[in-house]
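Owing to the predicted nature of the structure, the values given are computational and were not obtained by experimental measurement. Residue numbers begin at 1 in each chain, while the letters A, B, ... track the order of the sequences. As a basis for the values below, the full set of heavy atoms in this structure was taken, side chains included, without hydrogen atoms, waters or symmetry mates.
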2 protein chains.
Amino acid sequence: MSNTTIKILAKELNLSVASVSKALRDSHEISKETKEKVLALAQKLNYVPNPYASSLRKRKSKTIAVVLPEVADSFFSLAINGIESVAQDKGYHVLIYLTHESFAREEAILNEFKSGRVDGILISVSDETNTSDHIKQVIASGKPVVFFDRVCDDVEAAKITTDDMESSYQATHHLVMNGCRKIAYLYTSKNLSINDKRMEGYKKALSDSGLKINEDFIVLCEGNTAGNFEIIRNLLKNKNRPDGIIACVEKLTTPIYLACHDLKLAIPDKIKVISFTNLQAALILSPPLTTVTQPAFEMGKTAAMVLFKALEKNNYNLKKETIVIPSQLTIRSTTKKDLGV
Amino acid sequence: MSNTTIKILAKELNLSVASVSKALRDSHEISKETKEKVLALAQKLNYVPNPYASSLRKRKSKTIAVVLPEVADSFFSLAINGIESVAQDKGYHVLIYLTHESFAREEAILNEFKSGRVDGILISVSDETNTSDHIKQVIASGKPVVFFDRVCDDVEAAKITTDDMESSYQATHHLVMNGCRKIAYLYTSKNLSINDKRMEGYKKALSDSGLKINEDFIVLCEGNTAGNFEIIRNLLKNKNRPDGIIACVEKLTTPIYLACHDLKLAIPDKIKVISFTNLQAALILSPPLTTVTQPAFEMGKTAAMVLFKALEKNNYNLKKETIVIPSQLTIRSTTKKDLGV
DNA sequence: CTTATCAGCGAAAACGGTTTCGTAAATAAA
DNA sequence: TTTATTTACGAAACCGTTTTCGCTGATAAG
């Protein structure tokens, strides 16, 4: 119950609150002896400064916000670890907000940030987000914003992404090199720029290989595994089915495996699979999954570091910084070349 | 940049700050017309109240803390979703802190909570935690604390757990029923009560089945997958190797599969495996993994709900509440009974 | 010896809300 | 008409800290 305040310390020591405050902040205006006395009593009474009083006065909250679609995905789990590690290092606190892929929520959350609650924002936008006024407003209110992974192209702010286009190109190319001619591309959102880029890489790789793009093989999936299972199953039970699949979202992996198993389509003999995922379990799947893994932890970490650069210096024009951290294609059994074609 | 304050609204409307404040909070002391005027201007100037000023005066932060070991695990990812969903519902903000399994960090983090930064705490303790003074002090300072999953037995507070003992008993029993006689138990921490309970269930199931407990089969693993691979490999390459494994932590799954594969030990023919995990990918592993899945989302959600019950009423003695949400044993191929023994 | 400098501290004004209490006018009760 | 009550608002204290500025006494410089 004992909420020790500076006032209490001051009274106890026959000092003014001003002096106590300065002593605690190790000001040169205070003599060594008084500082020691103050520190000792603070220790003894277990004094913990009220952060909100301090924030109010200093107009700094020592807090950042992380707004994410969800933490279901292993990408965001790892990203949070990266972010938190540097925040804790810098003595900052991190507020977490989930949009659940809803633009309305994202808007409401961002609107709050115009107050002084946070000093800066790390955001990966929802897949419903196709306008960005809410973000621009926050930036206009003076808060630095750093995008990571899912960005808004039309907002001028720091952006930490991975090489979505290139890695998708490589993945597609890898399938082509291993014999695929009819490659399907599975995705879950029309809005995300990240998706545009991956699809662009996919299409470009096909074109560069002289393969034509079949729009029937570009299929939009949805939220739940059961529904996706049906969608994928329908795609694969077709006579003219694809001989390769690229899943650009982690959660599509399970329904793909299930659908192939259900249809008795052997991976990789009948169909080859690549998934964008950070699941460690990829290498113990049956068969082990060829993956494009994003540098999730690194992305979170550098996003946070860029944000802190903006927070620590008053040099706000650092904000146009754009960092691309490459993803990695890890080749395993699901894309193994057929020996006897 | 425009940080609209109540003072600005007041001046603009020729009202006192008191009246504006009351109007915004829809006080009965203010006439309908003035309220409308105030609301309109607030809207127009995009007024967002400063939360810290409000927190300072009201001595409420509308913020809770969630302190976790890590979010690497899918359990905690799901739990965060559960927590955040109810917090957002109640209009609360959630600060997230990771201890990285370090007691020192946990202590430092908890110590901060004696200030008014948060109104309540949700915690799953680090595996180094074997004293609980830091938690008791926070409770003594008047903040409600709710444990979830990993609890401190000697602290009087609300606790949301799963039936670790029973589910472990069932898992072990399931292995016994399917023919295992030499069952190994793999764990990663000596301290956690959650682990004691799981081990207790394991031992009890063995005893009840008339099997003797072999201490060599109770093996302590560590943090990284590579090291665990070696440990498990050593266990399994033994002449007198186990014919069943229970992994009480998700991250042990991968090294188990790898070690078995490396030693060409067929699962489930040569060795059967059960893992405590929430990985959705369990059903597409090779072979599909029998799991004990914890109700992660539910646990997070009810932990938050219990906390809010304490926050909303002044009835603090609700705090001795203990809720156990059962885990689920999902039987898949890794424990399939041998047909021809 | 006089004046500038400096070390060490305190008074008080912020920061932006909330809340208590008082008060004037309007209305209702007597 | 007088008194009581209600309505609608304002003044000011307050939450706990930070920060500016001023003050005193001591020391250094001239």
Under-4.0 Å salt bridge between A:E128 and A:R105
no
Please give, in whole Å, the distance from D:dG10 P to B:E29 CD?
11 Å
Short side-chain N/O contact to D:dC9 OP1/OP2 from B:S31, under 4.0 Å
yes
Phosphate OP1/OP2 of C:dT18: any B:S21 side-chain N/O under 4.0 Å
yes
Kindly assign one of parallel, tilted or perpendicular to the pair B:H93 and A:Y97, based on the angle between their ring planes and the thresholds 30° and 60°.
perpendicular
Calculate the interatomic distance between B:K22 atom NZ and D:dT7 atom P; express it in whole Å.
14 Å
To the nearest angstrom, the CD1-P distance between B:I6 and D:dC14 comes to 19 Å
Salt bridge or not for B:K35 and B:D26, using N-O below 4.0 Å?
yes
Take atom CZ of A:R57 and atom P of C:dG16, then tell me their distance rounded to the nearest Å.
10 Å
Counting only side-chain nitrogens and oxygens, does B:K60 get under 4.0 Å of the OP1 or OP2 atom of C:dT18?
no
Of B:K35 and B:A53, the one whose closest DNA chain D nucleotide lies more 5'
B:K35
With DNA chain C as reference, determine whether A:V20 or A:K58 sits nearer its 5' end, using the nearest nucleotide of each.
A:V20
Whole-Å distance between D:dT7 P and B:L15 CG?
19 Å
Locate the shortest heavy-atom distance separating B:Y92 from B:T63; write the atom from each residue and the value.
CD2-N, 3.6 Å
Hey, is the side chain of B:S19 poking within less than 4.0 Å of OP1 or OP2 on D:dG10, counting only N and O atoms?
yes
Report yes if a side-chain nitrogen or oxygen of B:Y47 is closer than 4.0 Å to either non-bridging phosphate oxygen (OP1 or OP2) of C:dG17; otherwise report no.
yes
A:Y52 OH to D:dT18 C1': how many Å, rounded?
18 Å
Can you find a side chain N or O atom of B:S16 that sits less than 4.0 Å from OP1 or OP2 on D:dA11?
no
note: A:D26, atom CG; C:dG8, atom C1'; distance rounded to Å ~ 15 Å
Over how many whole Å does the gap from B:E36 atom CD to D:dA8 atom C1' extend?
15 Å
Any side-chain N or O of A:K32 under 4.0 Å from OP1/OP2 of C:dG8?
no
Within the 4.0 Å heavy-atom criterion, would you say B:T34 contacts the bases, only the backbone, or no part of the nucleic acid?
sugar-phosphate
Counting any heavy atom closer than 4.0 Å, what does A:P49 reach on the DNA or RNA strands: base, sugar-phosphate only, or nothing?
sugar-phosphate
Report yes if a side-chain nitrogen or oxygen of B:R59 is closer than 4.0 Å to either non-bridging phosphate oxygen (OP1 or OP2) of D:dG16; otherwise report no.
yes
Closest nucleotide of DNA chain D for B:H28 versus for B:L56: which of these residues is on the 5' side?
B:H28
Student check: side-chain heavy atoms of B:F75 and B:M299 closer than 4.5 Å
yes
Basic-acidic side-chain contact under 4.0 Å: B:K136, B:D154
yes
